[in-house]
Each structure stands twice: as C-alpha cells, then as structure tokens.
Amino acid sequence: MSIKLDRQFLKGFLEESEVQAIAADLEKAQHDLTNKTGTGSDFLGWTDLPSSIDDGLIDELTELGKDVRLNSDCIVSIGIGGSYLGIKATLEYLRDSSHTPVYYAGHNMSVDYTYELLENLKDKNFTVIVISKSGTTTEPALAFRLIKEVMKEKYSEEEMQKRIICVTDGAKGALRKTADAKGYRTYVIPDDVGGRFSVLTPVGLVPLACAGVDIKALVDGARAGEKEYSSTDLNSNTCLQYAASRYLLYKKGKVIEMQASFYDNMQYVSEWWKQLFGESEGKDGKGIFPASTVLSTDLHSMGQLMQDGMRNIFETFIEVETSNHELIIPEEADNLDDFNCVAGRDLDWVNTQAHKATAEAHFEGGVPNMTITLGKADAFHLGQLYYFFERAVGITGYLLGVNPFNQPGVEAYKKKMFALLGK
Ligand code: PA5
C-alpha cells in the first residue's frame with residue numbers, strides 16, 4: 001500500500017497553485033538525484049540502493065542472524081548517529097518480542113549508562129556489532145575498548161573473533177585496521193552512502209538481521225518506495241508534494257517542522273528523521289528545524305505551545321492505518337467516568353479521533369499541518385517510509401540551495417574535543 005499524504009489543513013497557508021509554480025524546480029531536483037548530477041553527487045548511492053541490493057546479501061545476512069542467535073542471548077550494537085539511529089528506530093517501531101534483545105553502546109559517553117551495560121553483559125552470552133563508517137569516531141571506539149575488556153574475561157581470542165562483527169569502510173579507518181589485524185568478520189559500507197542514509201546498507205541490515213528482523217521485507221518496502229518516489233509526476237508523487245509543501249511553508253516563515261505521531265513506537269523513527277533532516281538541511285544559515293512529539297502524551301505537555309505559541313511551526317502527523325492489535329473498550333454499568341460513549345470501540349479508533357481533532361484544532365490555531373499515513377506497522381511499510389523521507393530531504397535540500405549530503409558542521413566540536421583530549 002502506498003504512503004498517503006493529506007494536505008487539507010494547509011489551506012489558507014499554502015495553495016496548490018504555489019506548489020505547481022515550482023514544478024520545474026522539483027523536476028530538476030528529481031533528475032539531479034536520479035542521475036546523480038546534483039550537488040554532493042559523490043553521496044547519492046542511496047538513491048538506487050534498494051534496487052541494487054543483491055538478494056544474495058539478504059540471504060547471507062539472514063543466515064548470519066540465525067547463527068548469531070544460536071550462541072547469543074543478546075546483541076550489542078555499537079555506533080552513533082547514522083550508525084545507531086536507524087537500527088534503534090526499526091527495532092522500536094516493530095517492537096516484536098520474538099526479536100533477540102539489542103543493547104546499544106557508543107551512542108553516548110555517559111559513564112553510568114555504560115557501567116550498567118557492562119555489568120549486565122557479564123553474565124550474558126553476546127555478539128558485538130561495531131559500526132563506524134569512518135572507523136575513527138570517539139564514542140564507539142571507546143565503547144568497543146570497554147566491551148572488549150568484558151569479553152576478554154569471558155571468551156578466548158578465538159571465541160572473540162566469532163563474536164565480533166565490524167561494519168566499516170572497505171579500506172580505511174582505525175576500525176578496518178583493527179578488524180584486519182584481529183581477524184574479525186567485516187561488512188563494508190558503500191563509499192557513496194552517507195551515515196544518515198545508511199540504514200539499508202550493512203549498517204542497518206547486519207544488526208537487524210542478527211536481531212531477527214525480516215530484512216527482506218524492509219528492503220522490499222524501500223524498493224517499492226524507490227520506484228514510486230523517484231517519479232517526476234507532481235500530481236501522483238506524494239513525496240514530491242511533501243517536499244514542496246515543507247519548502248514553501250519554510251519560505252513563509254514556518255521554520256520549525258514538528259513531526260507528531262499518535263503511536264509511541266514512532267518515537268525513534270522521529271529521532272532518525274531528525275538526524276536525516278537536520279544534518280541534511282541545516283547549513284549555510286538555512287534549514288527547517290526538525291522537532292518531534294509523541295501524542296497524545298505530549299498534548300499534555302507541548303499541546304499549549306502547539307495550539308497557541310509563536311506561529312513559526314508546521315506539523316507533520318504520521319498515522320498508521322492498521323495497528324497490529326485490537327483492544328475493545330469495556331462497558332461499565334455505572335458509567336461513573338462517562339465514557340460509555342466509546343464502549344465497544346477499539347482503542348485505536350479513539351486514538352484516530354484524537355488525531356483528527358488535534359489536526360483540526362492546530363490548523364484553526366494557526367499551525368498548518370499535513371498527515372502522512374502508512375498502511376501498517378510492519379517492516380515493509382517502514383522501509384517504504386525510510387525511502388520516502390530520504391528522497392524528500394534530497395529534494396528540499398536542493399530547493400534550499402544547500403548540499404544535503406555533507407555535514408561539515410559536525411567536525412567543529414570534534415576538533416575542540418580532540419584538543420582537550422590531547423589526540
Ligand atoms: O550522518 C553522519 O555522517 C553521522 O551522523 C555519522 O553517522 C556519525 O557521526 C557516526 O559516524 P561513523 O559511522 O563514521 O562512526
């Protein structure tokens with residue numbers, strides 16, 4: 001099922017004629033992405049990545065996953081940024097109790113977090129997947145050092161070789177050097193796919209396959225997305241419509257995009273989206289500020305600001321058409337809470353009414369909003385959504401006139417930190 005986009009609550013803020021007026025720019029952006037001729041063309045490997053993934057690799061990783069699960073109670077996934085968020089987002093979104101637990105390390109340097117993790121690992125059998133494209137990032141490198149110390153207490157060098165998998169560059173970086181020197185198994189991240197676009201490379205596929213995710217369905221969803229969202233037909237391509245709308249809203253002073261979902265398992269998909277959009281667009285003094293809420297929880301904290309605060313926000317709701325479970329609200333004879341009006345209804349129906357009400361109320365309060373609807377909370381539809389957002393940010397980045405595929409600003413803190421660390 002395709003992703004649907006509802007733009008009824010843009011009316012009065014943005015007219016369809018304004019979107020049509022930039023049709024030629026949208027078409028050029030699509031051509032530049034597809035033909036890899038635009039700015040940052042060295043990092044456009046993600047555009048046709050889904051269709052170029054070899055089914056043999058998917059089978060190989062699925063088998064790897066089965067082997068790993070035979071000898072591991074859990075998996076430790078070490079990585080940060082693009083080498084972390086897609087994995088966490090996918091597992092949180094799918095929330096499947098049959099998956100092998102995945103613990104994360106190297107996405108922060110909080111000593112208490114890492115200490116607890118190391119303590120927890122001492123009495124577990126585990127496999128470690130270290131993910132770093134550059135192979136030189138401080139946070140995962142330090143986490144790897146610390147976890148290896150726990151492993152040395154438990155496992156022989158030969159056993160460690162079996163239990164450590166490195167996902168990194170094919171030739172360069174310290175992690176590549178370590179893997180080659182120690183004989184660890186490696187999977188290569190393609191040169192032309194940047195970190196935040198890498199969830200469908202071995203960065204995401206290796207740990208997800210090890211956890212037991214149906215990576216074939218995830219990739220198939222992205223393949224469907226690639227086919228649909230690479231089109232230049234503005235009237236049928238919802239990705240183009242979304243990209244154009246957010247760009248035009250930004251031009252009218254709506255400089256913050258609030259992604260909002262009534263499904264709490266979307267929380268880390270929103271975190272992944274924030275990195276993708278923030279790191280791609282936020283440069284040269286430009287960029288839409290990506291923020292997120294999980295509703296209805298945050299309606300009771302951020303609701304006031306959304307309804308009534310500074311009017312520099314637009315909102316993008318994510319709706320899921322079919323939930324995985326059903327929960328019918330019971331009738332109570334005394335009806336003391338006065339909610340027999342929804343007795344016999346599925347809780348998801350009430351949640352959907354909350355979404356409809358919020359979209360309308362925020363619109364009336366001066367927040368233009370759109371709704372993206374996914375067919376189902378499964379791997380296929382998530383893969384489709386990943387591609388939808390990757391393509392959308394490529395298009396808006398080009399419309400904004402920035403290079404959406406570099407991240408020079410990320411280096412500034414590192415330089416200062418290395419100076420302090422004496423590196
Ligand atoms: O998008 C990016 O490039 C970054 O967020 C990186 O993914 C992050 O800094 C981790 O880099 P690396 O995989 O090289 O360790």
Side-chain angles (χ1 to χ4, degrees), residues 39-47 49 76-90 104-109 114 128-148 164-179 184 186-208 268-283 287 290 386-387 389-394 396-397 402-418 421 423:
T39 317
S41 57
D42 288 357
F43 284 96
L44 282 171
W46 59 271
T47 55
L49 177 70
V76 184
S77 180
I78 304 180
I80 193 167
S83 297
Y84 157 66
L85 283 165
I87 305 152
K88 174 100 172 163
T90 306
Y104 301 92
H107 60 302
N108 66 45
M109 291 188 287
T114 312
V128 173
I129 306 171
V130 200
I131 309 160
S132 178
K133 184 162 197 272
S134 63
T136 56
T137 309
T138 310
E139 293 87 341
L142 298 184
F144 190 29
R145 273 194 183 214
L146 291 163
I147 287 170
K148 274 189 294 188
I164 294 176
I165 302 171
C166 301
V167 181
T168 190
D169 189 88
K172 27 178 220 307
L175 184 57
R176 162 58 55 192
K177 231 197 297 177
T178 309
Y184 300 146
T186 59
Y187 288 91
V188 174
I189 309 171
D191 279 342
D192 57 357
V193 181
R196 58 192 174 277
F197 290 85
S198 69
V199 60
L200 298 164
T201 71
V203 166
L205 298 183
V206 172
L208 292 174
Y268 274 88
V269 175
S270 295
E271 294 301 324
W272 170 86
W273 169 84
K274 282 195 250 183
Q275 186 203 357
L276 181 68
F277 278 58
E279 219 169 65
S280 299
E281 294 178 346
K283 50 199 70 159
Y386 282 150
Y387 194 87
F389 281 136
E390 289 177 356
R391 193 86 195 187
V393 84
T396 345
V402 299
N403 176 355
F405 309 113
N406 64 5
Q407 54 286 327
V410 178
E411 294 309 310
Y413 97 93
K414 290 187 193 169
K415 277 193 199 128
K416 288 191 185 293
M417 180 177 70
F418 289 155
L421 298 180
K423 188 170 194 264

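All residue numbers refer to positions in the sequence shown, counting from 1. Whatever order the structure lists ligands and atoms in, that order sets their numbers, starting from 1. None of the values given here were measured: they were computed from a predicted structure.
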Requested in this report: Check the pair Glu279, Val393 against side chain to side chain contact (heavy atoms under 4.5 Å, CB included), reporting the backbone distance first and the verdict last.
Outcome: CA-CA 10 Å; Glu279 219 169 65; Val393 84; over 6 Å; no

Query - Gly82 N/O under 3.5 Å from ligand 1 N/O - result: yes

Query raised in the report: Looking only at N/O atoms, are Thr137 and ligand 1 under 3.5 Å apart anywhere?
Result: yes

Any donor-acceptor N/O pair, [X] side chain to [Y] backbone, under 3.5 Å:
X	Y	answer
Thr39	Asn403	no
Lys133	Asp191	yes
Arg196	Gln275	no
Thr137	Glu139	no

Query raised in the report: Parallel under 30°, tilted from 30 to 60°, perpendicular over 60°: which one fits the rings of Trp46 and Tyr387?
Result: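 Rings of Trp46 and Tyr387: tilted, 30 to 60°.
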
Report summary line: the protein heavy atom lying closest to atom 2 (C) of ligand 1 turns out to be Glu279 OE1, 3.2 Å

Report task. Considering only non-hydrogen protein atoms, determine which one is nearest to atom 8 (C) of ligand 1 and report residue, atom name and distance to 0.1 Å. Result -> Ile80 O, 3.5 Å

Would you mind running through ligand 1 and noting each atom that sits below 4.0 Å from a heavy atom of [X]?
X	value
Gln275	1 (O), 2 (C), 4 (C), 5 (O)
Ser132	12 (P), 13 (O), 14 (O), 15 (O)
Ser134	12 (P), 14 (O), 15 (O)

